[in-house]
Amino acid sequence: MLSDPRSHGLWEKTAPPAPIAPPLEGAQAADVVIVGGGYTGLSAALHLAEAGSRVIVLEAVDFGFGGAGRNVGLINAGMWVMPDDLPGILGPVFGERLLDLLGNAPRLVMELIEKHDIACELAKNGTLHCAVGDDGLKEIEARAKQWSARGAPVTLLDAAETARRVGGNAYAGSLLDMRAGTLQPLAYARGLAHAVAKAGATLHAGSPVVSTTQNGNRWTVTTPRGEVAADWIIVATDAYSTGPWEKVRAEQVHLPYFNFATVPLGDNLGRSILPGREGVWDTKEILSSFRMDDAGRLVFGSVGALRNTGLAVHRAWAKRSLKKLFPQIGAVEFESEWYGKIGMTDNALPRLHKFAQNVVGFSGYNGRGIAPGTVFGKTLADHILDRLSEAEMPLPVTTPQEPSFRALKEIWYEAGAQVAHFADARF
Ligand SMILES: Cc1cc2nc3c(=O)[nH]c(=O)nc-3n(C[C@H](O)[C@H](O)[C@H](O)COP(=O)(O)OP(=O)(O)OC[C@H]3O[C@@H](n4cnc5c(N)ncnc54)[C@H](O)[C@@H]3O)c2cc1C
C-alpha cells in the first residue's frame with residue numbers, strides 16, 4: 001500500500017485484493033455515511049447494509065490502511081484491564097456489559113468470516129499469554145482466576161506445557177484462552193469490504209473526508225472530489241484519524257509497534273515452534289508477540305518504530321531474541337518488516353463519542369481492535385437501527401480529552417523502546 005514496504009509488510013504480500021472502490025465523485029445521498037475503512041467502519045457498514053440501510057463508506061486511502069492492515073492478527077477476548085477491575089472503573093452496569101461483549105467478541109469475528117467465506121487464514125486455536133518470571137506468573141494466575149469465575153474457557157498451563165506448545169522454554173507458564181485465535185488482518189479487512197459491497201453498500205477508497213456541515217437534520221461530508229448527504233455519520237477513523245476528527249487522534253498516545261516475518265520455516269521447525277498454531281504475547285512491560293502464518297512464517301513483534309536508528313536496533317534485537325527464544329531456529333532471515341501506531345488511552349479502555357447529534361464513533365482500542373472493532377461496528381449499526389438505545393450501549397458517551405504530555409509520551413515510547421532493545425541485545 002502506498003508503495004511503502006514497511007507499512008503493511010507481509011500482509012500486503014499475502015492478502016487477496018480489496019474490492020474495486022473508486023474515489024467519491026459528485027453529490028451522493030445515503031442513510032448513513034461511514035468514515036474509515038477498518039474493522040469498525042466495515043463491520044458497521046455490513047450490519048447496516050444487511051438490514052436494508054443505504055450506506056456509503058469513505059476511506060481516506062485504502063481498506064485496511066490503518067491498524068487493520070498492520071496488526072499482529074491476534075483475535076483477543078477482553079481488554080488489558082483485569083476483568084474484576086472493569087466494573088470499578090466503568091461502574092457495574094457498563095463494566096459487566098463491556099466484559100460480556102468483549103469476552104464474546106472473537107465469536108462474532110469467526111462467525112462473520114465463516115458466513116461470508118472470508119479467506120483470511122483464520123486459526124481458532126486460542127492464544128497463549130505467556131508469563132515472564134514470577135510477576136508474570138502472578139498476573140496470568142489472577143487473569144485465569146477472574147475469567148474462569150465468569151465461565152470463560154481459559155486454562156493455566158505450567159512451564160513444561162507452555163514450552164511444549166511454544167517450542168522454547170523462556171516462560172514460567174501461560175494462560176490459554178480458547179475464545180481467541182489468529183487471522184491475516186489485512187485479508188480480514190478486505191474480506192469484510194467485499195461482504196459490504198455484496199450487501200449493497202457503496203465503497204469509496206482514496207476519499208478522505210475533509211469537512212462536515214449540518215443542514216437541518218442531515219449532514220454533508222465533503223471529500224476532495226465529492227460529497228455525501230446522510231442522516232448519520234459514523235466516525236471509524238481511530239489512530240489514523242485525519243480531517244475533522246483530529247481530536248480522536250489527539251485523545252490517544254500513539255505507541256509504535258513493529259513486526260518482522262521470517263521466511264517459511266520448513267516442516268521440522270514448523271513442527272517444533274507453535275505446533276498448535278496459537279497466537280502468543282508475553283507479560284513484559286515492553287511486550288513481544290509472535291504467531292505463524294499459513295505458510296509457516298514466524299511473525300515476531302514488539303514495541304518500536306522501524307525508522308531512523310530504530311530500524312537497525314529493532315531488527316538486531318528481533319534476530320537475537322528469536323535465537324534466544326528458539327535455539328533450534330538457526331540463522332534467522334526476515335522476509336518482511338513493517339510497523340504501525342497503536343492508539344492508547346489513559347485508562348487503557350476504548351471510547352464511545354457522540355461528536356454531535358447523529359455523529360457517533362468508537363475508538364481507542366489499545367492494541368486490541370480486531371474483535372472489539374468488529375463488535376463495536378455492529379453495536380453502532382444496532383444503535384442507528386433503533387435496536388440499542390444510548391443508555392444500552394457498552395460504554396458511556398464521553399468527550400475526547402487530550403492527555404497531558406501526549407507528545408512527550410510518544411517520543412518516550414519510541415525512544416524508550418530503542419534504548420530497551422539496544423540494551424537487551426547486548427547485555
Ligand atoms: C502494529 C499493530 C499491532 C496490533 N496488533 C493487534 C492485534 O494483534 N490484535 C488486535 O486485536 N488489535 C491489534 N492492533 C490494533 C488494531 O489494529 C486496531 O485497534 C484496529 O485496526 C482498529 O480498527 P478501526 O477500524 O477502528 O481503525 P483502523 O483500522 O485504524 O481504520 C481507520 C481507517 O480510517 C481511515 N481514515 C482516517 N481518517 C479518515 C478521513 N478523514 N476520511 C476517511 N477515512 C479516514 C484510515 O485511513 C484507516 O483506514 C494492532 C495495531 C497495530 C498498529
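All ligand and atom numbering here is 1-based and tracks the order in the structure. One-based numbering along the sequence shown.
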Legend entry - Salt bridge E390-K354, side-chain N to carboxylate O under 4.0 Å: yes

Inset, instruction - Name the closest protein heavy atom to atom 32 (C) of ligand 1, giving the residue it belongs to and the distance to 0.1 Å. - result: A236 O, 3.4 Å

Inset, instruction - Determine the interplanar angle of the F300 and F290 rings, folded into 0 to 90°, and report it as parallel if under 30°, tilted if 30 to 60°, perpendicular if over 60°. - result: tilted

Legend entry - Top protein contact for atom 45 (C) of ligand 1, by heavy-atom distance: A60 CB, 3.6 Å

Inset, instruction - Check for a donor-acceptor pair, side chain of R190 on one end and backbone N or O of G64 on the other, with a separation under 3.5 Å. - result: no

Inset, instruction - List every atom of ligand 1 that sits less than 4.0 Å from any heavy atom of G367, numbering the atoms from 1 in the order shown and giving each element. - result: 6 (C), 7 (C), 9 (N), 10 (C), 12 (N), 13 (C), 14 (N), 15 (C)

Legend entry - Residue and atom name of the nearest protein heavy atom (relative to atom 9 (N) of ligand 1), distance in Å to one decimal: L74 O, 2.8 Å

Legend entry - Ligand-residue contact atoms, ligand 1 with L58, heavy atoms, under 4.0 Å: 43 (C), 44 (N)

Legend entry - Any donor-acceptor N/O pair, Y39 side chain to P185 backbone, under 3.5 Å: yes

Legend entry - Donor-acceptor pair, side chain of T162 and main chain of S174, under 3.5 angstrom: yes

Legend entry - Identity and separation of the nearest protein heavy atom to atom 36 (N) of ligand 1: T237 CG2, 3.7 Å

Inset, instruction - Compare N71, D62, V35 and give the one whose heavy atom is closest to atom 14 (N) of ligand 1. - result: N71

Legend entry - Atom indices of ligand 1 within 4.0 angstrom of F65 heavy atoms, with elements: 47 (O), 49 (O)

Inset, instruction - Would you please classify the geometry between the H129 ring and the W80 ring as parallel, tilted or perpendicular, with 30° and 60° separating the classes? - result: perpendicular

Legend entry - Contacting atoms of ligand 1, where contact means under 4.0 angstrom from a heavy atom of S241: 37 (C), 38 (N)

Inset, instruction - Give me the ring orientation class for H421 and W317: parallel if the planes are under 30° apart, tilted from 30 to 60°, perpendicular past 60°. - result: parallel

Legend entry - Heavy atom of the protein closest to atom 29 (O) of ligand 1 (residue, atom name, distance): A68 N, 3.0 Å

Legend entry - Cationic tip of R368 above Y365 ring, under 6.0 Å, 45° of axis: no

Inset, instruction - Evaluate the ring planes of H8 and F65, with Trp represented by its six-membered ring, and classify them as parallel (under 30°), tilted (30 to 60°) or perpendicular (over 60°). - result: tilted

Inset, instruction - Find all atoms of ligand 1 within a distance of less than 4.0 Å from any non-hydrogen atom belonging to G36, and give their numbers and elements. - result: 33 (C), 34 (O), 35 (C), 44 (N)

Legend entry - Exam field: side chain E337 to backbone R6, donor-acceptor pair closer than 3.5 Å: no

Inset, instruction - Can you pull out the closest protein heavy atom to atom 42 (N) of ligand 1? Residue, atom name and distance to 0.1 Å, please. - result: V209 N, 2.9 Å

Legend entry - Heavy-atom nearest neighbour in the protein, as seen from atom 35 (C) of ligand 1, with distance rounded to 0.1 Å: E59 OE1, 3.2 Å

Inset, instruction - Indicate yes or no: does an N/O atom of G340 lie under 3.5 Å from an N/O atom of ligand 1? - result: no

Inset, instruction - Please work out whether any backbone atom (N, CA, C, O) or any side-chain heavy atom from C-beta onward of Y365 is under 4.0 Å from ligand 1, and answer side chain, backbone, both or neither. - result: side chain

Inset, instruction - Compute the minimum heavy-atom distance from P208 to ligand 1 and say whether it is under 4.0 Å. - result: yes

Inset, instruction - List in chain and number order the residues that pass side chain to side chain donor-acceptor pair (under 3.5 Å) with E227, two or more places apart in sequence or in another chain; answer none if no residue qualifies. - result: none

Legend entry - Cationic N near anionic O, under 4.0 Å, K247 to E251: no

Legend entry - Pick from T223, I342, L192, L42: the one approaching atom 52 (C) of ligand 1 most closely through a non-hydrogen atom: I342

Legend entry - Check ion pair R351-D346 (N to O, under 4.0 angstrom): yes

Inset, instruction - Could you list which atoms of ligand 1 come closer than 4.0 Å to a heavy atom of K341? - result: 53 (C)

Legend entry - Proximal ligand 1 atoms for D238, defined as those under 4.0 Å from one of its heavy atoms: 22 (C), 26 (O), 27 (O)

Legend entry - Heavy atom of the protein closest to atom 19 (O) of ligand 1 (residue, atom name, distance): G369 CA, 3.1 Å

Legend entry - Sub-4.0 Å heavy-atom approach of G66 to ligand 1: yes

Inset, instruction - Examine R70 against ligand 1 and note whether any of their N/O atoms are separated by less than 3.5 Å. - result: no

